[in-house]
Amino acid sequence: MFPCVSCQGASVIHKNTMKYEFSQIEKKWQANWQKHNTFSTGNEPDKPKYYVLDMFPYPSGTGLHVGHLEGYTASDITARYKRSCGYNVLHPMGWDAFGLPAEQFAIKTGTHPKATTENNIRSFKETLQAMGFSYDWQREINTTDPAYFKWTQWIFLKLYERGLAYMSEVDVNWCEELKTVLANEEVEEKIAEGYTVIRRPLRQWVLKITAYADRLISDLDELEWPENVKQMQRNWIGRSEGVNIDFELRCHNQKLRVYTTRPDTLFGATYLVISPEHPLAEKLATAQQLVEVKNYIGQAKLKTELERTGLQKEKTGVFTGSYAINPATNEPLPVWISDFVLTSYGTGAIMSVPAHDSRDWEFAKQYSLPIIEVIKSPHDVQEKVFEDKDSTCINSSNGEITLEGLKFTEAFEQMAAWLERKRVGERKVNYKLRDWIFSRQRYWGEPIPIKHYEDGTLGTETNLPLVLPEVEAYHPSSTGESPLANIPDWLYGTDEHGSFRRETNTMPQWAGSCWYYLRFIDPDNSEKLIDPEKERYWMNVDLYIGGAEHAVLHLLYARFWHKVLFDIGVVSSKEPFKRLFNQGMILGEDNEKMSKSRGNVIPADHVLERYGADAVRLYEMFLGPLEQVKPWNTNGIEGISRFLSKVWRLIYPEHEGPAASLTLDAMPDELLRRMHKTIRKVGEDTENLKFNTAIAEMMVLVNELQKAGCRNRNAVETLLILLAPYAPHIAEELWEAIGHNASISSEHFPSYDPALVEDTVLTIAVQINGKLRGTFLAPAKSPKELLLGEAKKVESVLKFLEGQTIVREIVIPDKLVSFAVK
RNA sequence: GCCGAAGUGGCGGAACUGGUAGACGCCCAGGACUUAAAAUCCUGUGUUCAGCAAUGGACGUACGGGUUCGAUUCCCGUCUUCGGCACCA
């Protein structure tokens, strides 16, 4: 790919590189690494392993910008650092290449998505290689490669065999322009992009992620993930414990089942509400109310999801005319219909306790329904709702049960037990999480390997991979099926069971990314998804770096698949990603999110060409804490370029001439201590992903080496090894210049001398009433009395002690002396 | 509305476990080198007051309180920004 500069004579190199010419140096070393397979992961079972993974990209047509490089730089520094600490490191990269943009482009231009994808991958890969990332490119994977998606399809069939993939007539989010179904999670995004999304029933493949809801919550505890991501997943799954209660209906034989998490407030229930789609909605309407009810149901149907659930607005509803009986009070309760009750959650019906639920309170006020206080409230519940759980029950007794004076937990228990005893209720756990609608009406995705036989039964495609046929047009069929429905040759077939029609749906883009981290471990295995021995050695992923936008969906889906693979014995661990790190977004120079429309995008290739990979790598990390959102500032990168030039001049002091000869003379004590402090700080900070302060510390060392004109070999070599994970090209080049043949990447990270990282003489601060009044020098570990005595001799302190009485003396060894005076 | 994170110089940010706030870098100013410029190096750089000056004082980590000899750090309250959820009963 790059001309092999390293083949030229050494003298030529020196002549060319006396000045710091990053572009030559970077190309030279990238070619060198490639030629020698420097970063290919070997089979070294005796070494401890470290698996550091990036969230692999969708190779878009717009290329990479500086924001994309942040996480990749962080993971690369970690990979290089861990290698130098003696780990066998797996650091791979691949492409999440199925997806809508390539297909949209195909519809417009007729270009095969495969061609688009290949082009984009080539350009992405060039940029990543130009950054000097130490990926093991021999393990590169691509989700659109049949050899890869063979196993995506295989996993689907395993899900199907276990009853975790099923077909269901579901109300889906249908996007008319895209002629496809969208996941709930994708809806808002698409609406923001200007598409319209409506509700429409369709037969769809659905994955039973809800069967894993509890495990997806409880196993979060063992993960080293940012607390907010865990919390977001818990909220998304939305587990709640409550009770299903059956209400007798007056004048009907049927019962009405509601779900509530507040059975402790049953005595305060004054009406029931069912959703417009509830099967009893129309049946409960009395003759008098029928017209009004039918109208209301009709109107609700026309409303979009957004209109029904979006924002807070006035509640609407209609009385059915029917009554149910409150099992606790035996009072009749009117049954209402309202679209604020969700059909798809719980039983689609609720009991309303307006005194202690804000939504019920609002509705009660709207329609003048009674409000009864059953939890002792600090104010009048007719005026304002009281929702707190830490008060006690009142007005809650009948002949069989009393909750008087009980707090929430106890009242809940008592009521639930009583309802169960009376056989009118049972405890129930509910989740907000819904099963995952898994089919898309698209061409550019993994075909779902299912056959529909004429007799209505389903069969599985055993000859995997089931590849995509070539098509002439990428438009979806008008029936809402994918373009695959237009290819008879592919669509129809016969086998021993009879003739069949293939499933025309393809999988969503999430599918390929649900398990790619496994394939990197064993990318060429044609027999198995992954070799069990390799899996045991490499899993889990020790560090997974990526954007917070995947906090819920990708990470939840991947965890779900991983647990299924665990259950069928393909993997040995319950969780895929042990430690997760979300890098913060890099904003444009205007402090706004980078976007084409704002015109504030800083393309990666731009800055690479201008400043070089090493400078870009360092600057990306120097910008601030990795997890923080921060603006890019092109001015700031100049400072990094200066730093690299300073490092260069340590070895090439003038702009011409050969490398300076390094000395073996002893370093001045100050400098030696500085060096050991730097080793400690850079090591600790790199370990903790605090790259910004590690770089600052290296700058301090370089400044001091420069000021002292130090050419000590030990100091220079140490600096280069510390710097190598961050700025690998210049480190390699200078390492070679000072006489090493082997790559600096094979050097071991230095260790520091504990005796040299602590100062022997310290500056002690003197405070009076908490204000700094002076300092003095004292040997480390000086006794308190000595420090106290010295402090009282400091001239600037004496002034403030004069005429004052010392009421208290505080001495913090090695730190400060503090006087409280009056 | 609920949950989570955060607020420090002109700017990005640093500060161990409550112990000298502002490391490192950018910007800016002055100087050295140069015919000149670039590059490089040196010095200064939170605000404000006093002083010719060396220097010294006061204030200062979103805001208002509190605990403490001492608070960017701990506690209470308020405001703002960002991220997530949003009628899930």
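So you know, we letter chains A, B, ... as the sequences are listed, proteins then strands, and number each from 1. Worth knowing before you read on, the calculation uses all heavy atoms, side chains too, and leaves out hydrogens, waters and symmetry mates.
For A:Asn633, whose side chain is taken as the heavy atoms from C-beta onward, the closest listed nucleotide among B:rG13, B:rG84, B:rC26 is B:rC26. With B:rC59, B:rA15, B:rG19 as the candidates, the nucleotide lying closest to the side chain of A:Thr693 is B:rA15. When each of B:rA89, B:rU20, B:rG12 is scored by its nearest atom to the side-chain atoms of A:Lys630, the top-ranked nucleotide is B:rG12. Taking every side-chain heavy atom of A:Leu772 into account, B:rU20 is the closest of B:rU20, B:rC41, B:rG13. Residue A:Ser818 places its side chain closer to B:rC69 than to any other of B:rC69, B:rA21, B:rC16. The listed nucleotides are B:rG57, B:rC59, B:rU68; the one nearest the side chain of A:Phe800 is B:rG57. In the set B:rA89, B:rG19, B:rC26, B:rC26 carries the atom at the smallest distance from any side-chain atom of A:Asn635. Ranking B:rC3, B:rU20, B:rA89 by closeness to the A:Gln231 side chain, first place goes to B:rC3. Considering only side-chain atoms of A:Ala696, the nucleotide from B:rC85, B:rC24, B:rG25 that sits closest is B:rC24. Of all nucleotides listed (B:rC42, B:rA89, B:rG19), B:rA89 comes nearest to the side chain of A:Leu342.
Computed from coordinates, the A:Lys432 NZ to B:rC3 P distance equals 13 Å when rounded to whole Å. In this structure, A:Lys690 places its NZ atom 20 Å from P of B:rG12, rounding to the nearest Å.
Rounded to whole Å, the separation between the C1' atoms of B:rG7 and B:rG64 comes to 16 Å. Atom C1' of B:rG9 sits at a distance of 13 Å from the matching atom of B:rA14, rounded to the whole Å. B:rU72 and B:rC16 are spaced 13 Å apart, taking the P atom of each and rounding to whole Å. One C1' atom belongs to B:rC33, the other to B:rU45, and the distance between them is 23 Å to the nearest Å. Using P as the reference atom, B:rA71 and B:rA86 are 44 Å apart when rounded to the nearest Å. With C1' as the reference atom, B:rU8 and B:rU80 are 15 Å apart, rounded to whole Å. As rounded to the nearest Å, B:rG4 and B:rU55 have C1' atoms that lie 49 Å from one another. On the P atoms, B:rG19 is 36 Å away from B:rC28, given to the nearest whole Å.
Residue A:Lys799 places none of its side-chain N or O atoms closer than 4.0 Å to OP1 or OP2 of B:rG56. Contact between the side-chain N/O atoms of A:Asn582 and the OP1/OP2 oxygens of B:rA5 is not found at any separation under 4.0 Å. Of the side-chain N and O atoms in A:Arg649, none sit less than 4.0 angstrom from OP1 or OP2 of B:rA39. Neither OP1 nor OP2 of B:rA6 sits under 4.0 Å from any side-chain N or O of A:Gln628. One finds no side-chain N or O of A:Arg773 lying less than 4.0 angstrom from the OP1 or OP2 phosphate oxygen of B:rC69. Between A:Arg642 and B:rA38, a side-chain N or O to OP1/OP2 separation shorter than 4.0 Å is absent. Taking only side-chain nitrogens and oxygens, A:Asn692 never comes nearer than 4.0 Å to OP1 or OP2 of B:rG12.
Between A:Leu705 and A:Lys646 the shortest side-chain heavy-atom distance does not fall below 4.5 Å. For the pair A:Leu266 and A:Leu419, the minimum side-chain heavy-atom distance is below 4.5 Å. The side-chain heavy atoms of A:Glu592 and A:Asn600, taken from C-beta on, include a pair separated by under 4.5 Å.
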Does the pair A:Glu790 and A:Lys793 meet the rule for a salt bridge (Lys or Arg N to Asp or Glu O under 4.0 Å), with working shown?
-> CA-CA 5 Å; A:Glu790 286 299 313; A:Lys793 287 186 212 151; 3.3 Å; yes

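With its glycosidic angle within 90° of 0, B:rG9 adopts the syn conformation.
In this structure, A:Tyr367 and A:Phe363 have tilted ring planes: the angle between them lies in the 30° to 60° band.
Ion pairing between A:Glu809 and A:Lys784 fails under the 4.0 Å rule for side-chain N and carboxylate O. Under 4.0 Å is where a charged nitrogen must lie from a carboxylate oxygen, and between A:Lys781 and A:Glu758 no such pair does. Taking 4.0 Å as the cut-off between side-chain N and carboxylate O, A:Glu697 and A:Arg674 count as a salt-bridged pair.
For A:Arg598, the side-chain hydrogen bond (donor to acceptor under 3.5 Å, both in side chains) test picks out no residue, with sequence neighbours left out.
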For RNA chain B, the dot-bracket pattern of Watson-Crick and G-U pairs whose distances stay under 3.5 Å, | for other-strand partners | (((((((..(((......[....))).(((((.......))))).(((((....)))))..(((((..]....))))))))))))....

